[in-house]
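One structure is given below, encoded as structure tokens.
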Amino acid sequence: MHTHIDHGHARAVGKGFLVKLALMAIIDALGVYGIWAAYLVQAWTIIVVMMVGLAILNYIYFTRKHIPAKYFAPGMAFLLVYQIFVMGYTGYIAFTNYGTGHQNTKEVAIAQNLAQNEFRVEGAQTLPVQVVELNGQLGLAVIKDDGTVTVGTAEKPMTEAPNAVVKNGVITSITGYTVYPKNDFGGHIQEIPDLRVPVSDDPNEGFYKTEDGAFAYLAESRLSYDEKTDTIVEKTLTGDKEGTNKGAPKVYKDNGYGSFVTDDGEELPVGWQVVVGSDNFKEMVSGKGIAGPFVKSLIWTFIFALLSVLTTFAFGLFLAIVFNDERIRGRKIYRSLLILPYAFPGFLSALVWRGMMNTDFGFINEVLLFGTHIPWLQDPWLGKLSILFVNLWLGFPYMFLICTGALQSLPGDVMEAARIDGASAWTQFRTITLPLVLVSTAPLLIASFAFNFNNFSLIYMLTGGGPNIPGNPYGLGETDILISLVYALSMTPGAERYGLAAAMSIVIFVIVGLISWLGFRQTKKLEELM
């Protein structure tokens with residue numbers, strides 16, 4: 001009897017296949033979780049992209065074809081997620097008003113504006129309530145006088161819950177919801193006072209709120225939304241003791257830029273995200289509080305990056321030439337000592353220098369300058385000089401290393417011929433050494449310029465961008481470079497301007513890319529001449 005063994009099938013279910021199956025199972029599980037999370041926030045584009053991506057990955061790795069794609073796919077996936085998506089999303093944000101007061105949809109903005117102008121409905125009963133959770137959203141379950149239970153979340157209006165189980169006046173379970181026991185809110189206690197659960201889909205009918213998670217009452221807003229006219233109107237409240245609604249009620253209209261504004265310019269605090277076209281780019285050169293600091297920062301960024309490269313390269317090359325002389329004894333020890341600043345993390349060195357430059361207690365003023373009080377980091381000009389000096393300290397060891405390597409690779413016969421012809425040391429340096437060193441180091445100098453153009457950590461750790469420009473609403477400083485300006489615009493508490501910061505990021509990208517392209521073109525020409 002002859003038994004046929006399918007060797008191909010045996011290979012298919014071997015250890016390699018099982019490992020691949022396990023890895024793809026993990027990837028698919030993470031993908032399904034991401035799709036579900038995107039569904040909860042109704043991010044349909046992300047859902048489609050992730051579904052298509054998972055389908056492609058499974059097809060590639062569970063077919064015997066497309067062998068190159070099996071190696072190409074992981075890199076492409078990371079490129080799409082961490083580069084293409086980030087760049088594309090930044091570009092999109094740059095053309096919106098995304099920032100403080102403009103972070104949500106119009107529907108959410110309407111609800112929040114109404115909630116911020118709330119008052120307790122006259123005669124509203126205080127009802128027992130329990131905090132619940134549905135799909136990550138907190139909500140309230142209210143027991144009414146007739147014993148019925150209604151439940152809802154901040155995004156899902158109150159509905160009757162016939163399956164709710166109530167024992168001794170306490171709700172123990174509701175189908176589909178997590179019910180938190182009284183005095184145990186699952187770590188959400190700080191969120192409860194801000195929780196608002198609408199009574200219905202109409203935001204004008206009010207909402208339930210609670211102060212302690214034990215009792216709730218019906219509240220309404222002093223404002224109402226008119227869907228037909230797309231306006232928010234101030235209600236005329238009967239018996240308003242403070243008289244805040246005397247005269248004609250205010251009408252807030254959609255101004256087309258993500259805000260509700262009255263005819264006399266009064267604006268509701270909560271807006272929504274909309275596309276504003278090129279407004280962010282125009283504001284960079286003409287906006288109040290932005291244009292002046294932006295232009296100053298742009299000029300300072302170029303000066304800082306250029307001088308950083310020139311000073312570190314010049315000093316590093318000088319030291320490399322000095323310690324390349326074979327007549328100097330102990331050259332290895334000196335070289336080891338010279339690269340010590342490069343061996344320590346840059347942000348730690350910047351913090352040490354910040355302490356040493358302290359006006360009142362720093363080592364430089366107290367010890368080296370015998371108790372003087374020079375504001376190294378508080379004066380605009382001294383702050384910039386201090387930054388350049390500290391960056392020289394941090395950067396020259398790198399230039400020293402690459403220049404030492406470049407010098408050791410120079411052809412000795414050329415230098416010997418120049419000396420025989422009677423060329424002076426300066427002539428040898430100017431006509432032979434420097435051009436040959438530049439050929440090998442030019443790409444690194446361009447990379448150094450790009451790095452210093454975005455050298456955020458030095459600015460942040462040493463001066464924090466300060467001293468601040470007097471009266472600037474965003475806390476922008478005299479020593480801010482463009483990248484730290486972007487950080488200040490996006491991280492100033494209560495005044496975040498993500499759209500404007502994204503627009504500046506695009507400007508930085510274009511500038512660095514253009515300069516790098518021009519620099520590499522010149523480097524190529526230099527190589528051809530040599």
Side-chain angles (χ1 to χ4, degrees), residues 32-44 47 104-227 235 270:
V32 171
Y33 175 78
I35 291 172
W36 175 250
Y39 169 75
L40 293 178
V41 296
Q42 299 183 351
W44 307 117
I47 291 175
N104 292 304
T105 62
K106 187 175 183 178
E107 291 74 18
V108 174
I110 292 171
Q112 290 183 353
N113 279 313
L114 267 57
Q116 290 183 9
N117 291 271
E118 65 187 25
F119 69 100
R120 180 167 180 162
V121 174
E122 186 176 354
Q125 294 178 309
T126 300
L127 302 172
V129 70
Q130 280 183 256
V131 178
V132 299
E133 186 175 353
L134 176 66
N135 297 330
Q137 290 284 333
L138 287 183
L140 298 175
V142 178
I143 304 176
K144 295 188 175 180
D145 289 341
D146 58 4
T148 60
V149 176
T150 58
V151 64
T153 66
E155 296 183 358
K156 182 181 179 181
M158 301 290 287
T159 56
E160 189 173 344
N163 296 323
V165 178
V166 182
K167 294 182 180 179
N168 300 322
V170 177
I171 303 171
T172 57
S173 68
I174 301 176
T175 303
Y177 288 82
T178 300
V179 180
Y180 290 109
K182 293 186 181 294
N183 301 322
D184 181 11
F185 306 118
H188 300 291
I189 189 169
Q190 295 181 347
E191 303 172 41
I192 291 174
D194 298 324
L195 182 60
R196 308 288 187 275
V197 180
V199 173
S200 70
D201 291 325
D202 185 357
N204 298 320
E205 292 187 7
F207 45 85
Y208 281 103
K209 65 168 297 185
T210 179
E211 302 292 344
D212 55 7
F215 298 94
Y217 57 85
L218 184 63
E220 288 185 1
S221 175
R222 299 180 186 275
L223 305 174
S224 64
Y225 176 66
D226 189 340
E227 187 174 357
K235 293 180 180 178
V270 183

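Since the structure is predicted, the reported quantities are computational estimates derived from the model, not experimental observations.
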Within the structure provided, determine whether Y208 and V129 are in side-chain contact (heavy-atom separation under 4.5 Å). no
Under 3.5 Å: donor-acceptor pair, side chain of T172, backbone of V165: yes
With no hydrogens and no angle check, is any side-chain donor or acceptor of E220 less than 3.5 Å from a backbone partner on F119? no
Here the pair of heavy atoms bringing G213 nearest to I192 is N-CG2, 3.9 Å
Under 3.5 Å: donor-acceptor pair, side chain of N113, backbone of V270: yes
Salt bridge (Lys or Arg N to Asp or Glu O under 4.0 Å) pairs touching residues 195-218, sequence neighbours excluded, are E118-R196, E118-K209, K209-E211
Is there a side chain to side chain contact (heavy atoms under 4.5 Å, CB included) between Q130 and I174? Walk through the geometry before answering. CA-CA 11 Å; Q130 280 183 256; I174 301 176; over 6 Å; no
Separation between OH of Y225 and NZ of K106, rounded to the nearest 0.5 Å: 5.0 Å
With heavy-atom distances below 4.5 Å as the criterion, would you say the side chains of T126 and R120 are in contact? yes
With a 3.5 Å distance limit and no angle check, can you tell me whether Q137 reaches the backbone of T153 through a side-chain donor-acceptor pair? no
Inter-residue atom distance L140.CG - T210.OG1, 0.5 Å rounding: 6.5 Å
Criterion ring pair (Phe, Tyr, Trp, His ring centres under 6.0 Å) on Y39 and W36, from CA distance to verdict: CA-CA 5 Å; Y39 169 75; W36 175 250; 5.5 Å; yes
